[in-house]
Amino acid sequence: MKKQRLSPDLWIEAGLNALEKHGPAALGAEPLARQIGATKGSFYWHFKDLPDYHAQLAGTWKRRAAGALVDALEATGPVADRLAMIAAPIPAEPEMRVWARSNVSASAQLTEIDHLRLDATAALLRDFGISNPDLARALYAASVGMAALPGNGDNATALETLVDLVLALR
């Protein structure tokens, strides 16, 4: 069997998986190399240094998060469902938030996504006749905070209840 050829994309995928499963501490060249059965030399063949890798990893996460937001904005159906799509946790989002506390690249990408999601939430509420931007901010903040709570099934129900409550204010 032929060994899989390493590429920057393979390293990025490994990093996203490691981030989601083990948090930002797993984003070093050595732990990632062990995870994919490669050498650190291979890592440095594809990336100038660890900050370069981290910037590319955070950029990939942001592009995927933005894609999920576009899907939510282009969706049709009840406003509550579209709001839930915007607020739904993105893969590795809680870990990204932890990483953003200590990594400039992660912080910049997460901040941009937060602004886009908050703006999308406010726009959707305005389209529904709710113009108070504080409600959009509170709804988005609740969805971010709920992702940090245990019991994801319970969190989804709680977020749906909050969305229904906000929409009832119209």
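It should be emphasised that the depicted structure is a prediction, and the values quoted were computed from it without experimental measurement.
Atom CE of M146 and atom OG1 of T157 lie 10.0 Å apart (nearest 0.5 Å). Between L27 atom CG and L16 atom CG the span is 8.5 Å, to the nearest 0.5 Å. Separation of atoms CG (L83) and CD (E160) is listed at 11.5 Å; rounding is to 0.5 Å.
Residue pairs meeting the salt bridge (Lys or Arg N to Asp or Glu O under 4.0 Å) criterion with at least one member in residues 52-71, sequence neighbours excluded: E13-R64, K62-E112. Residue pairs meeting the salt bridge (Lys or Arg N to Asp or Glu O under 4.0 Å) criterion with at least one partner in residues 84-96, sequence neighbours excluded, are E93-R97, E93-R117.
In plain terms, the two heavy atoms of A66 and I113 that are nearest each other are N-CD1, 3.7 Å. Nearest heavy atoms, I36 versus A14: CG2-CB, 3.5 Å. The two residues L19 and P24 have their closest heavy-atom pair at CD1-N, 3.7 Å. Here the shortest heavy-atom pairing between I90 and A65 reads CD1-CB, 3.4 Å. Minimum heavy-atom separation, A100 to S107: O-CB, 3.4 Å.
Side-chain contact between V163 and L167 is present, with heavy atoms from C-beta onward closer than 4.5 Å. Side-chain contact between W99 and L57: present, with at least one pair of heavy atoms (C-beta onward) separated by less than 4.5 Å.
Each of L135, L139, V79, L124 was evaluated against I130; a single residue qualifies, L135, per the side chain to side chain contact (heavy atoms under 4.5 Å, CB included) test.
Between W11 and F43, the angle of the ring planes goes over 60°, which puts this pair in the perpendicular group of the 30/60° scheme.
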